[in-house]
Amino acid sequence: MKLYSASKAPSPRRVVMLLAEKSLLDQVEIVSLDLAAGDNLRDEFVQQNPMAKVPMLALSSGECLSEAGAINRYLDQCYPEPNLCGVSPLEQAHIDMWDRHVEIGLLYPVGMAFQHGSGFFKDRMTPVPAWGQECARSAVAFLQVLEQQLARHAYVAGERFTVADITALCALDFAKVIQVRIDDRHPSIQRWYAECQARPSYAASWQ
Ligand SMILES: N[C@@H](CCC(=O)N[C@@H](CS)C(=O)NCC(=O)O)C(=O)O
């Protein structure tokens, strides 16, 4: 398998962290694209992933998968230990629900705040700074939702570490680029973050 990734990008990092949790990093070739240089916009990449984004997982069959959530669910089914996406239908739905809450409530707005505030991709989109500011505000507001959830539960989707924690960690780390950080208003997130940061997969995911 080949994972198309990019240094410091939060979406492929979700997949790298899941691979690390499953001790699979040595079975995957990681191909790092230079997004600023537009490696992901080149024809050969777009033919395999019409959305022109990373991550993309290329299987030995020639099939290509994109979307971090879809790739992680596929890998969790293929390599079931440790389970990160849920076992029973209800648990799977619950974990997927929180993964989506974090993706929509935090990761997406942080990404929009970064793109529209920095103009990092202005060669391929029109930055709208006011939209970036609105997205930053909604990301900050979501931290209260996360704080309440983590005050009630050990982890984002309940009492064990799952893909929803991976998504939240990657989103929170990336939020630093838009100056959004957890602080004294978020004691439960701080407790959870310290625990997750101590996992070997956290250090391994920075590649
Ligand atoms: N929803 C997608 C988001 C993918 C995404 O936006 N990836 C960013 C890096 S984090 C990217 O490839 N950006 C390049 C571009 O927009 O040109 C996922 O979860 O995989």
Side-chain angles (χ1 to χ4, degrees), residues 1-22 24-25 27-79 84-86 92-93 95-129 131-132 134-136 138-139 163-164 166-171 173-175 177-178 205-207:
M1 288 185 288
K2 267 190 198 175
L3 178 69
Y4 290 82
S5 182
S7 165
K8 300 196 177 83
S11 299
R13 189 172 165 229
R14 290 167 66 187
V15 179
V16 175
M17 194 162 178
L18 176 130
L19 288 167
E21 282 284 332
K22 291 176 180 289
L24 286 172
L25 276 175
Q27 294 187 37
V28 179
E29 180 189 344
I30 296 188
V31 182
S32 190
L33 300 188
D34 183 344
L35 300 181
D39 288 354
N40 57 312
L41 307 177
R42 297 190 205 293
D43 281 351
E44 58 274 24
F45 187 76
V46 178
Q47 271 162 23
Q48 293 174 308
N49 175 10
M51 300 309 287
K53 308 271 185 203
V54 289
M56 180 180 80
L57 186 71
L59 306 178
S60 48
S61 63
E63 203 105 29
C64 291
L65 296 173
S66 56
E67 287 297 320
I71 295 171
N72 279 353
R73 275 188 287 283
Y74 168 78
L75 290 170
D76 198 53
Q77 292 274 314
C78 293
Y79 304 93
L84 293 170
C85 291
Q92 286 178 9
I95 294 168
D96 195 34
M97 175 181 82
W98 273 101
D99 202 30
R100 299 282 290 151
H101 285 337
V102 174
E103 203 173 52
I104 295 165
L106 189 61
L107 182 54
Y108 177 75
V110 166
M112 289 299 102
F114 168 66
Q115 292 184 17
H116 288 271
S118 69
F120 188 80
F121 289 133
K122 64 179 184 300
D123 60 332
R124 64 202 75 165
M125 45 89 74
T126 305
V128 181
W131 172 237
E134 182 53 30
C135 286
S138 74
V163 283
I166 292 178
T167 304
L169 279 170
C170 296
D173 283 340
F174 195 60
V177 303
I178 59 158
S205 66
W206 291 112
Q207 51 175 296

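Both backbone and side-chain heavy atoms feed into the values below; hydrogens, waters and symmetry mates do not. Remember, it's a predicted structure, so these values are computed and weren't measured experimentally.
- Enclosure of atom CZ in Arg124 by more than 12 non-hydrogen atoms of other residues, nucleotides or ligands within 6.0 angstrom is indicated.
- The SG atom of Cys85 sits 6.5 Å away from the CG atom of Leu18 when rounded to the nearest 0.5 Å.
- The minimum heavy-atom distance between Ser11 and Leu107, with the atom names listed, is OG-CD2, 4.3 Å.
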Determine whether Trp206 and Arg13 satisfy the following criterion, side-chain contact (heavy atoms from CB on, under 4.5 Å), listing intermediate values before the conclusion. CA-CA 7 Å; Trp206 291 112; Arg13 189 172 165 229; 3.3 Å; yes
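- Atom OG in Ser7 sits 10.0 Å away from atom CD in Gln207 (nearest 0.5 Å).
- At least one side-chain heavy atom of Val54 sits under 4.5 Å from a side-chain heavy atom of Phe45.
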side-chain contact (heavy atoms from CB on, under 4.5 Å), that's the test. Do Leu57 and Leu75 meet it? Break it down for me. CA-CA 10 Å; Leu57 186 71; Leu75 290 170; 4.0 Å; yes
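- Minimum heavy-atom separation, Leu33 to Ala6: O-CB, 3.5 Å.
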List the atom pairs, with distances to 0.1 Å, where a side-chain N or O of residues 58-73 and a protein N or O form a donor-acceptor pair under 3.5 Å, not counting sequence neighbours.
from: Ser61; atom 1: OG; to: Glu63; atom 2: N; distance (Å): 3.3
from: Asn72; atom 1: ND2; to: Arg14; atom 2: O; distance (Å): 3.3
from: Arg73; atom 1: NH1; to: Asp96; atom 2: OD1; distance (Å): 2.8

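- The salt bridge (Lys or Arg N to Asp or Glu O under 4.0 Å) contacts involving residues 36-61 comprise Asp39-Arg42, where partners must be two or more places apart or lie in separate chains.
- The aromatic rings of Trp131 and His116 lie perpendicular to each other, with more than 60° between the two planes, well past the 30° mark.
- Pairing each heavy atom of Pro109 with each of Glu103, the nearest pair is CD-O, 4.2 Å.
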Run the side-chain contact (heavy atoms from CB on, under 4.5 Å) test on Ile30 and Leu25 for me, step by step, so that the C-alpha distance in whole Å, both residues' side-chain angles and the decisive distance to 0.1 Å come before the verdict. CA-CA 9 Å; Ile30 296 188; Leu25 276 175; 4.1 Å; yes
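- Contact record, Ala52 with Leu41: CB-CD2, 4.1 Å, taken as the closest heavy-atom pair.
- The distance from the CE atom of Met112 to the OG atom of Ser138 is 11.0 Å, given to the nearest 0.5 Å.
- Taking CG of Asp99 as the start and CD1 of Ile166 as the end, the distance is 8.5 Å to the nearest 0.5 Å.
- Among residues two or more places apart in sequence or in another chain, the ring pair (Phe, Tyr, Trp, His ring centres under 6.0 Å) test is passed with Phe121 by none.
- A salt bridge links Asp76 to Lys22: one of the charged nitrogens lies within less than 4.0 Å of a carboxylate oxygen.
- Judged purely by atom type and a 3.5 angstrom limit, Thr167 has no side-chain atom pairing as donor or acceptor with the backbone of Ala164.
- Val110 and Ala139 get closest at one heavy-atom pair: CG2-CB, 3.9 Å.
- Between Pro55 and Leu3, the shortest heavy-atom distance links the atoms CB-CD1, 4.0 Å.
- The structure places OH of Tyr4 at 5.5 Å from CD of Gln48, a figure rounded to the nearest 0.5 Å.
- Atom NZ of residue Lys122 and atom CZ of residue Phe120 lie 10.0 Å apart, to the nearest 0.5 angstrom.
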